[in-house]
Peer 1: 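Handing you a structure now.
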Amino acid sequence: MARRDVSAWTAAIGAMAMEGNGEQAIELFNEMLGQGVKPDEVVFVALLTACSHGRSVDQGWDLFRSMKEIHGISPQIVHYGCMVDLLSRAGFLEEALDLIKSMPMEPNDVIWGSLLAACRKHKNVELAAYAAERITELAPERTGIHVLLSNIYASAGKWTEVAKVRLQLKEKGVHKMPGSSSTEVNGIIHEFTSGDESHSENTQIAMMLQEINYRLRDAGHVPDLTNVMLDVDEQEKEYLLSRHSEKLAIAFGLISTGQGMPIRVVKNLRMCTDCHSFSKLVSRIYEREIVIRDNNRFHFFRQGYCSCCDYW
């Protein structure tokens, strides 16, 4: 481009944010400043998002403070939301809560939602319940929040609390969205849901999954059963976990594409930690590049590593 304005720089920085590349995003920002382009509110959203996905807490704080002190831009609620997301993802839950309480404007349900989502990852049940209460007060129509709270209780083994939340959901007529993953082979989209046995090649997929699980077990993989949100025995949990939708899609990709061909999957929900570990090992053992787009970001799996550096 002959002339790059702030919108062009913001688009490039936003692309780095999607990849979780905080360092590259900040390098682009510094290059932008060096060319005399004045930043605006939007570019700071992209920068703080990049820091959040890259776990760059100190850099995020520096950028947030520089908005007012250096660039004369007053942080808006969206910038506070980015900071809460950054701190929460990194495990600084109390700091995130302190920031929410110190905001010059009333926090909205999105900000409390960022804190709630991080409580699941960092297993803070008490703070999760508190955040869910705030969301219910601000946006009672967001019934999906109670599904997330139920999952947090389930991960912590608090089955009595799980039953209470699920009863509330049942009374409201709310149903949990099933996990769904899609992959394209020879121009045809194949969609799988968790536990799906309806595919025409289900028998071959099941055999492929069995082979994968054997090879992963030999490589030292231990299934993370905390990702199963049902109060069943460990054997049943392990079976349910093995039938997550992205695992079905990956198994189908392995039997339907040539050796060395990449496997691309789109999922409607966030990947669980076990599916993430599964995908890393499959990429190494089967020498395949696996690309998964969940509802949060892209994951590029190559030779046992993921582009997100296990932070998503």
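Position 1 is the first residue of the sequence, and the numbers go up from there.
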Peer 1: Is a side-chain N or O of His146 found less than 3.5 angstrom from the main chain of Val165, in a donor-acceptor match?
Peer 2: no

Peer 1: A side-chain contact here means heavy atoms from C-beta on lying under 4.5 Å apart; do Gln259 and Glu287 qualify?
Peer 2: yes

Peer 1: Which residue pairs pass the side chain to side chain donor-acceptor pair (under 3.5 Å) test with at least one member in residues 207-216, sequence neighbours excluded?
Peer 2: Glu211-Tyr286

Peer 1: If you measure from CG on Asp5 to CD on Gln35, what distance do you get to the nearest 0.5 Å?
Peer 2: 11.5 Å

Peer 1: Answer whether the closest heavy-atom distance between the side chains of Met83 and Pro75 falls below 4.5 Å.
Peer 2: no

Peer 1: Is atom CG of Asn30 surrounded by more than 12 heavy atoms (other residues, nucleotides or ligands) closer than 6.0 Å?
Peer 2: yes

Peer 1: Out of curiosity, does Phe301 fall in the hydrophobic cluster containing Ile255 (side-chain heavy atoms, cut-off under 4.5 Å, transitive links)?
Peer 2: yes

Peer 1: Take atom CD of Glu23 as the centre, draw a 6.0 Å sphere, and report whether it contains more than 12 heavy atoms from other residues, nucleotides or ligands.
Peer 2: no

Peer 1: Which of parallel (below 30°), tilted (30 to 60°) and perpendicular (above 60°) describes Phe64 and Tyr80?
Peer 2: perpendicular

Peer 1: Do Leu47 and Trp61 share a hydrophobic cluster (ILVMFWY, side-chain heavy atoms under 4.5 Å, transitive)?
Peer 2: yes

Peer 1: Check whether more than 12 heavy atoms from other residues, nucleotides or ligands sit under 6.0 Å from atom CG of Asn186, and answer yes or no.
Peer 2: no

Peer 1: Using the benzene-type ring in the case of Trp, are the ring centres of His244 and Phe278 under 6.0 Å apart?
Peer 2: no

Peer 1: Hey, mind stepping through Lys164 and Glu161 against salt bridge (Lys or Arg N to Asp or Glu O under 4.0 Å) and telling me if it holds?
Peer 2: CA-CA 5 Å; Lys164 290 179 182 177; Glu161 300 302 324; 3.7 Å; yes

Peer 1: Has the side chain of His79 got a donor or acceptor atom that lies under 3.5 Å from a matching backbone atom of Glu41?
Peer 2: yes

Peer 1: Measuring only between side-chain heavy atoms, which start at C-beta, is Cys308 closer than 4.5 Å to Arg297?
Peer 2: yes

Peer 1: Has the side chain of Asn268 got a donor or acceptor atom that lies under 3.5 Å from a matching backbone atom of Pro178?
Peer 2: yes

Peer 1: For the residue pair Leu230 and Lys237, establish whether any side-chain heavy-atom pair is separated by less than 4.5 Å.
Peer 2: no

Peer 1: Which hydrophobic side chains are connected to Val78, either touching it within the sub-4.5 Å cutoff or through other members that do?
Peer 2: Val45

Peer 1: Think Arg134 forms a cation-pi with Tyr130, using NZ or CZ under 6.0 Å from the six-ring centre and within 45 degrees of its axis?
Peer 2: yes

Peer 1: Nearest 0.5 Å please: distance from the CG atom of Leu240 over to the CD atom of Gln235.
Peer 2: 11.0 Å

Peer 1: Backbone N or O of Asp310 within a donor-acceptor pair of the His299 side chain at under 3.5 Å?
Peer 2: no

Peer 1: Below 4.5 Å, heavy atoms only, C-beta onward: do Val57 and Leu87 meet side chain to side chain?
Peer 2: yes

Peer 1: If you count every heavy atom of other residues, nucleotides or ligands that lies below 6.0 Å from Glu234 atom CD, does the total exceed 12?
Peer 2: no

Peer 1: With a 4.5 Å cut-off on side-chain heavy-atom distances among I, L, V, M, F, W and Y, is there a chain of contacts connecting Leu28 to Val6?
Peer 2: yes

Peer 1: In the structure I gave you, are the side-chain heavy atoms of Ser277 and Asp224 within less than 4.5 Å of one another anywhere?
Peer 2: no

Peer 1: For residues 110-121, dump all side-chain donor-acceptor pairs below 3.5 Å to protein atoms at least two apart in sequence or in another chain.
Peer 2:
from, atom 1, to, atom 2, distance (Å)
Ser114, OG, Val110, O, 3.4

Peer 1: Ring centroids only, cut at 6.0 angstrom: are Phe300 and Tyr305 within range, meaning strictly under it?
Peer 2: no

Peer 1: In chain order, what residues pass the side-chain hydrogen bond (donor to acceptor under 3.5 Å, both in side chains) check against His199, with sequence neighbours excluded?
Peer 2: His190

Peer 1: If you count every heavy atom of other residues, nucleotides or ligands that lies below 6.0 Å from Glu141 atom CD, does the total exceed 12?
Peer 2: yes

Peer 1: Does some side-chain heavy atom of Ile263 sit less than 4.5 Å from a side-chain heavy atom of Val282?
Peer 2: no

Peer 1: Would you please name every residue forming a side-chain hydrogen bond (donor to acceptor under 3.5 Å, both in side chains) with Asp109, sequence neighbours left out?
Peer 2: Arg142

Peer 1: Are Ile135 and Met103 co-members of a hydrophobic cluster defined by side-chain heavy atoms under 4.5 Å apart?
Peer 2: yes

Peer 1: Kindly give the heavy-atom pair with the smallest separation between Arg243 and Asp196, and that separation in Å.
Peer 2: NH2-O, 3.1 Å

Peer 1: Between Phe298 and Ser307, which heavy-atom pair has the shortest distance, and what is it?
Peer 2: O-OG, 3.9 Å

Peer 1: side-chain hydrogen bond (donor to acceptor under 3.5 Å, both in side chains) with Thr257: which residues, sequence neighbours excluded?
Peer 2: Arg288

Peer 1: Same cluster or not: are Phe44 and Met105 linked, directly or through other Ile, Leu, Val, Met, Phe, Trp or Tyr residues, by side-chain heavy atoms under 4.5 angstrom apart?
Peer 2: yes

Peer 1: Do Arg55 and Cys309 come close enough that some side-chain heavy atom pair is under 4.5 Å?
Peer 2: no

Peer 1: Are Lys267 and Ser181 close enough that a side-chain donor and a side-chain acceptor fall under 3.5 Å?
Peer 2: no

